[in-house]
Amino acid sequence: FAGAWCWIRDWKDDCANEKYLQGIIEQFGLWYGPLFVSLTLTVVAVFITLLVLTKRAYANKNSENEFLIDNHECNRNKKAIKELLPLLAYPVIFYVLSLIPIINRVYSAISSNASFGFALVHALSEASWGFFSSWALIIH
């Protein structure tokens, strides 16, 4: 059951009961593997960005390990955090809407039969990228 939009089949011939290992490997190698890596890198990049901005905004102590930052720069960094926080909606949308297809593909790869519910939620999540991104833009 590769879905209506996938050109890589994970079943042999016309029989959906026989798994096609090469198709499963191609799906994960060409799409879901890089997708999972990009999801992980996105989470790490957002975390590092917030950590650095927060440290710079609130690091106005003068000690041996920390440097003295003037009040103007602290206020500028606090403003940058306030501007960055609404932009976190986009990586969250990317993560949530990508996690659903990954769960469906893992389930269909290890299960002997595909789940209609997972396939339906997968199809809805793939089609709703623009909807959720546009609402994040409107709210922002």
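- Proximity of L35 to F94: side-chain heavy atoms (C-beta onward) are separated by under 4.5 Å at one or more points.
- Between P34 and G29, the shortest heavy-atom distance links the atoms CD-O, 3.5 Å.
- Criterion: ILVMFWY side-chain heavy atoms under 4.5 Å apart, direct or through other members. Under it, L99 and V37 are not part of a common hydrophobic cluster.
- No single ILVMFWY cluster, assembled from side-chain heavy atoms under 4.5 Å apart, contains both L97 and V121.
- Interatomic distance, L50 CG to K55 NZ, rounded to the nearest 0.5 Å: 15.0 Å.
- When all heavy atoms of S125 and I100 are compared, the pair lying nearest together is OG-CG2, 3.7 Å.
- By the rule that hydrophobic residues join a cluster once side-chain heavy atoms approach within less than 4.5 Å of another member, L39 and Y107 end up as members of one cluster.
- Note: F132 CZ to L137 CG = 15.0 Å, rounded to the nearest 0.5 Å.
- Taking each heavy atom of P91 and L88 in turn, the nearest pair found is CD-O, 3.2 Å.
- With rounding to the nearest 0.5 Å, the separation of OG in S98 from OH in Y95 is 9.5 Å.
- F116 and L124 fall within the same hydrophobic cluster, defined by Ile, Leu, Val, Met, Phe, Trp and Tyr side-chain heavy atoms under 4.5 Å apart, directly or through other members.
- Residues I103 and V43 fall within the same hydrophobic cluster, defined by Ile, Leu, Val, Met, Phe, Trp and Tyr side chains chained together at heavy-atom separations under 4.5 Å.
- Around CH2 of W129, the count of heavy atoms belonging to other residues, nucleotides or ligands within 6.0 Å exceeds 12.
- Shown here is Y90, whose OH atom has more than 12 heavy atoms of other residues, nucleotides or ligands within 6.0 Å.
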